[in-house]
Amino acid sequence: MKFFIDTADLDEIRELADTGLLDGVTTNPSLIAKSGGNILDVIAEICAIVPGPVSAEVTGTETDMMLAEAEVLAAIAPNVTIKVPLTPAGLKACKVLRDQGTMVNVTLCFSAAQALLAAKVGASFISPFVGRIDDIGGNGIDLIDEIVDIYSQYPAIETEILVASIRSPGHVIEAAKMGAHVATVPPNVLRQLFAHPLTDKGLAAFLGDWEKTGQSILEQAKTRAKAAE
Ligand code: G3P
């Protein structure tokens, strides 16, 4: 499973890119607004940090405006992925952009039918929002299951399922069990994925026992190297 980070916070992106775990970044107009920067600069900086796909969302609601904005965004860097909403205008823009060879992420997907349409217009990624479905009393992970099932019936579909609006490590694990291609996670969820109390407890015990020996791996290596001189 690929891991994207769902933020436009440059400090967070730099820090988490350092882990070597990031395959891409997703942003949306709300995340750009939260970053306080202007979109063209923020996307350029993100693309310079992470070489994988970086989603930048159009804000026009008509196809022509979406395509005009997409041209500007796509010119920022070769790894920009244009994000369009799952509307008739967005799907039309997706088809044009895909025919031009531009990567497209179709966002705001809340049903299997919508996911089927995105695949039909050749979307590179479909973004079902699991957390927002849970928020209204539904089950977002069931939607991932449905989309994985439908896409797997058609080997010609190349659209990757990008699980979005993730709220917890549980969402990531459930989606991974189903074979979803990508999870875009907020920074706090990525950090939670590392954490386990038994890892911390076990490490503290190992280091405590090690300290009692007074040994040092590097010192021993130096002593041996000297002896061999
Ligand atoms: O980037 C789209 C999506 O991940 C938004 O998540 O938490 O605002 O529902 P959220």
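Start at 1 and go down the list; that is how both ligands and their atoms are numbered. Numbers for residues simply follow the sequence, beginning at 1.
Remark: T61 pairs with no residue by the side-chain contact (heavy atoms from CB on, under 4.5 Å) rule, at least two apart or across chains. Contacts of D11 classified as salt bridge (charged side-chain N to carboxylate O under 4.0 Å, His left out), with partners at least two apart in sequence or in another chain: R14.
Inclusion of T107 in the set of residues having an N or O under 3.5 Å from an N or O of ligand 1 is not warranted.
Remark: E62 CD is loosely packed, at most 12 non-hydrogen atoms of other residues, nucleotides or ligands lying under 6.0 Å away.
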Inset, instruction - Might you work through the side-chain hydrogen bond (donor to acceptor under 3.5 Å, both in side chains) test for S127 and T107, ending with a clear yes or no? - result: CA-CA 5 Å; S127 289; T107 188; 4.7 Å; no

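Ligand 1 has at least one atom lying under 4.0 Å from a heavy atom of K83.
Taking all atoms of both residues into account, the shortest heavy-atom contact from A175 to V163 is CB-CG2, 3.8 Å.
The closest protein non-hydrogen atom to atom 8 (O) of ligand 1 is R132 NH2, 2.8 Å. With hydrogens left out, the protein atom closest to atom 2 (C) of ligand 1 is F129 CZ, 3.3 Å, a heavy atom. Remark: minimum distance from atom 6 (O) of ligand 1 to any protein heavy atom is reached at S165 CA, 3.4 Å. The protein heavy atom nearest to atom 7 (O) of ligand 1 is R167 NH1, 2.6 Å. Of all protein heavy atoms, the one closest to atom 3 (C) of ligand 1 is D6 OD2, 3.4 Å.
A donor-acceptor pair under 3.5 Å links the side-chain atoms of K83 to the main chain of T27, judged by distance alone.
For ligand 1, the atoms closer than 4.0 angstrom to any heavy atom of N28 are 1 (O), 2 (C), 5 (C).
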